[in-house]
Every structure is written in C-alpha cells, then in structure tokens.
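Everything numeric here is computed off the predicted structure, so don't read it as measured data. We count ligands from 1, going down the list as the structure has it; atoms in each ligand are counted the same way.
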Amino acid sequence: MQTHLVGRDMITTQEWTKDELDTVFNVALDLKRKRALGEPHAYLRDRVLMMLFFFSSTRTRASFEAGMAQLGGHAEFIDSTTTQIKHGDTGKEIGEILGRYGDGIAIRQCDWAVGNQYIRGVAEHSRSPVLNMQCDWYHPFQALADMLTLFEKLGDVRGKTLNVSYAYASSYEKPMSAPQSLILLASRYGMNVRLTRPPEFKLMPEIVAQTEENARKSHGSFEILEDFDAGFEDADAVYAKAWGAMLTTTDAAESARIGAKYTDWITDERRMSLTRNGEGLYMHPLPADRNIEVTDGVIDGPNSVVYDEAENRLHVQKAVMALTMR
Ligand code: CP
C-alpha cells in the first residue's frame with residue numbers, strides 16, 4: 001500500500017509502479033464497498049476537479065462528476081468550445097490557471113498526434129495533478145476499470161488469456177487509446193495478452209515494445225495475431241472494439257475504405273463459443289456499434305460484463321482522485 005501519491009498525474013498507468021497500481025485497486029474496492037453500504041467517504045471535501053472536454057462523453061463525464069460529489073467535492077464541466085482556447089489560451093495558460101482554481105485538472109483530448117502532447121503540456125504548467133480522461137495514446141481510467149473487472153470476474157489473472165482485438169465499426173475513426181492502455185496494464189499482471197488486428201490496424205510500436213517488456217517482467221506473455229477467429233480460441237476474456245488505421249493513413253476516407261475490408265470482424269455467438277469452455281467474458285468500453293461491432297446476443301448475453309466495466313470507472317476514478325487530490 002503506497003501513501004505518497006498526493007499531487008501525482010495519471011496520464012498513463014505505465015508511469016505508476018505496480019505497488020502504486022495495486023494501491024489504486026485496493027482503494028477502489030474499499031470505496032466500492034463503502035458506496036454499497038452507504039458509508040460516507042468524503043475525502044475531498046471542498047476540493048474542485050476542473051474537467052476540460054474537447055470531445056463528447058457519456059461515461060467519463062458522468063462518472064467523474066458523480067465521483068467528485070460522492071467524495072464531498074465538486075467537478076466543474078468545461079466544454080472546450082465554450083472557452084477562449086480557440087482565441088489563444090494555450091496549454092500553458094490552461095495548466096497555470098485551472099491548476100490554481102482547482103485541485104485537479106482532468107482533460108479529454110483525442111485528436112491524433114495532438115491529444116497526449118496537449119495533456120503533457122498542461123501538466124508541465126499545472127500545480128494540481130492532471131488526469132487523462134482519454135487522449136490519442138492512452139485511456140488509463142478505462143484500462144483501470146477493465147482490469148478491476150477482470151480481477152473481480154477471473155480472480156487470479158496470472159496465466160489467463162485476454163484477447164484485445166480490433167472489430168469493425170462504421171461510425172467514425174475511433175482512437176486506439178483504449179486497446180493500447182489495456183495491453184499495457186494487463187501485461188503488468190502476468191496475463192497472456194493477445195492482440196488481434198488486421199495488418200493495417202497496428203498499434204504504436206513503442207506501446208507494443210513496452211507491452212512485450214511488461215510481459216517479460218511479469219512472467220506473462222504477449223502475442224500478435226491477424227486472424228479474427230483465432231483470437232477467440234480459449235480466451236478467458238475478449239475485448240473486441242474498433243479503432244482507426246491511423247498508423248497506416250491519416251486520410252479518413254482511405255481509413256474507411258480499409259475498414260470496409262473487415263466488416264466480418266463482428267463479435268457473434270459462434271465466435272464467443274470458441275472461448276474457454278464457451279464461457280469467455282465479453283468486454284467493451286462502450287459505446288459499441290451494435291450489430292456491427294458486436295451482436296445484441298453477445299453484448300446482452302450472460303458473459304457480457306460491459307456494465308460492470310462502466311460501473312468500475314466510478315470506483316477507480318474515485319480512488320485515483322482521493323489518492324492524488326487530497
Ligand atoms: N468508455 C468511455 O470512455 O465512454 P465515454 O466516451 O462515453 O466517456
């Protein structure tokens with residue numbers, strides 16, 4: 001249990017030690033228990049989280065706001081389009097100023113080749129901790145919630161197989177931040193991490209290299225497959241979602257043309273029957289493109305844990321806020 005986390009940024013879990021991450025999970029479970037029992041846990045009374053969104057959100061906004069209220073503080077929602085950012089406020093100014101008004105700054109900025117750099121720039125100039133609510137590279141709170149769900153459902157995750165897979169979606173070019181954060185985190189915990197994706201949907205080479213190193217250190221494993229069905233075989237959990245072909249092309253129309261080659265990459269009942277004993281967990285961070293990325297039968301089926309993942313966003317975020325913003 002680590003007790004020195006006040007003031008720390010959470011931009012990627014990769015910058016937190018295993019002991020520190022264990023502390024987050026430990027505190028998250030304690031806060032989940034307290035909420036279930038109705039026990040007060042106002043550790044952040046009078047504290048303010050400044051939440052700056054460059055992109056829309058359902059779960060992230062709602063869970064951070066609810067979490068701050070339950071911790072006795074306040075979350076201020078700021079839509080970037082209503083600010084002076086487009087008239088010149090820089091990342092430095094956002095960090096300096098919002099960091100003085102509040103006790104933490106949370107940011108969602110997912111623009112490819114911009115988001116992570118922007119959040120890092122704000123963090124450099126903020127006296128308060130900066131929390132990454134999703135950028136182009138990372139979605140750390142989603143990965144923490146996914147990992148907590150895996151602990152709850154699988155128990156000891158060491159040696160268990162997690163298939164993080166591309167799936168087709170027609171809606172828009174989704175960030176690669178959720179799969180990148182999850183392979184980074186699951187590989188810290190000794191899982192057999194499997195990344196399944198078409199050749200045009202590679203993840204960032206530095207993230208893949210860090211995942212390989214994490215797996216080596218944790219005595220887990222990491223493999224990359226290009227056959228969608230093979231990814232399901234004997235998996236204990238399947239996390240199949242769409243992301244964009246940003247490393248192949250930055251042209252959205254070309255990306256859509258490439259994606260259209262993989263419309264059969266949909267998670268369905270036959271594929272889920274290939275998982276361990278036909279009972280592998282189905283995971284997705286949401287929102288999902290129903291009957292394009294995944295059938296209704298799977299996402300609403302008995303092995304789907306999507307709502308537990310969404311709930312756990314609340315608990316892990318409260319844990320990180322309580323640990324860093326006191
Ligand atoms: N999973 C997730 O981040 O959901 P939102 O985009 O709705 O916040």
Side-chain angles (χ1 to χ4, degrees), residues 10-13 24 28 49-70 75-81 104-112 114-116 118-119 130-150 152-153 162 164-167 169-186 203 237-244 246 267 281-290 292-294 298-300 304-321:
M10 173 55 87
I11 295 176
T12 166
T13 57
V24 171
L49 177 70
M50 315 298 294
M51 300 192 309
L52 175 59
F53 280 88
F54 290 80
F55 284 83
S56 57
S57 162
T58 303
R59 282 145 290 273
T60 303
R61 176 184 176 179
S63 54
F64 269 103
E65 281 191 11
M68 274 306 284
Q70 290 161 19
E76 187 167 324
F77 172 73
I78 306 170
D79 175 344
S80 67
T81 61
I105 307 176
I107 304 174
R108 168 170 282 194
Q109 168 41 296
C110 306
D111 282 337
W112 180 244
V114 173
N116 188 259
Y118 181 80
I119 292 175
V130 168
L131 309 180
N132 180 357
M133 296 194 292
Q134 188 176 21
C135 67
D136 48 342
W137 292 18
Y138 307 115
H139 199 350
F141 292 101
Q142 184 64 53
L144 288 165
D146 297 333
M147 203 65 223
L148 183 59
T149 308
L150 287 165
E152 290 177 326
K153 302 296 178 188
L162 170 65
V164 177
S165 178
Y166 172 81
S170 54
S171 49
Y172 68 104
E173 200 169 43
K174 300 185 183 189
M176 57 178 72
S177 48
Q180 293 204 144
S181 280
L182 186 55
I183 63 171
L184 282 173
L185 187 57
L203 298 184
V238 173
Y239 190 100
K241 77 172 298 295
W243 63 83
M246 280 80 92
T267 303
L281 303 176
Y282 172 74
M283 305 180 76
H284 194 293
L286 304 178
D289 282 14
R290 280 174 173 258
I292 297 174
E293 263 183 305
V294 54
V298 169
I299 197 168
D300 295 328
S304 171
V305 295
V306 297
Y307 300 125
D308 296 303
E309 293 171 81
E311 177 184 340
N312 281 336
R313 290 289 304 271
L314 176 72
H315 307 302
V316 297
Q317 288 161 195
K318 284 168 70 178
V320 171
M321 291 191 291

Legend entry - Per-atom contacts, ligand 1 versus Thr58 - under 4.0 Å to a heavy atom: 5 (P), 7 (O), 8 (O)

Legend entry - Minimum heavy-atom distance between His284 and Leu286, given as atom pair plus value: ND1-N, 2.8 Å

Inset, instruction - Compute the shortest N/O to N/O distance between Gln134 and ligand 1 and return yes if it is under 3.5 Å, no if not. - result: no

Legend entry - Short side-chain to backbone donor-acceptor contact, Asn132 and Ile11, under 3.5 Å: yes

Legend entry - For the student: nearest non-hydrogen atoms of Ser177 and Gln134, plus distance: OG-NE2, 2.9 Å

Legend entry - Side chain, backbone, both or neither: Gln142 near ligand 1, heavy atoms under 4.0 Å: side chain

Legend entry - Any N or O of Arg313 closer than 3.5 Å to N or O of ligand 1: yes

Legend entry - Part of Met133 with heavy atoms under 4.0 Å of ligand 1, whether side chain, backbone, both or neither: neither

Inset, instruction - For residues Ser57 and Arg108, determine if any side-chain heavy atom of one lies less than 4.5 Å from a side-chain heavy atom of the other. - result: yes

Legend entry - atom 6 (O) of ligand 1: nearest protein contact (heavy atom, Å): Arg108 NH1, 2.9 Å

Legend entry - Identity and separation of the nearest protein heavy atom to atom 4 (O) of ligand 1: Arg59 NE, 2.8 Å

Legend entry - N or O contact, Thr60 vs ligand 1, cut-off under 3.5 Å: yes

Legend entry - Trace of the salt bridge (charged side-chain N to carboxylate O under 4.0 Å, His left out) decision for Asp79 with Arg61: CA-CA 11 Å; Asp79 175 344; Arg61 176 184 176 179; over 6 Å; no

Legend entry - Parallel, tilted or perpendicular: rings of Phe53 and Phe77 (30°, 60°): tilted

Legend entry - Minimum heavy-atom distance between Tyr138 and Ser181, given as atom pair plus value: CA-OG, 3.4 Å

Inset, instruction - Decide whether the shortest distance between a heavy atom of His139 and an atom of ligand 1 is less than 4.0 Å. - result: yes

Legend entry - Polar contact flag for Leu286 and ligand 1 (N/O pairs, less than 3.5 Å): yes

Legend entry - Heavy-atom pair with the smallest gap, counting every atom of Thr267 and Ala240: OG1-CB, 3.4 Å

Inset, instruction - Would you mind running through ligand 1 and noting each atom that sits below 4.0 Å from a heavy atom of Ser57? - result: 5 (P), 7 (O), 8 (O)

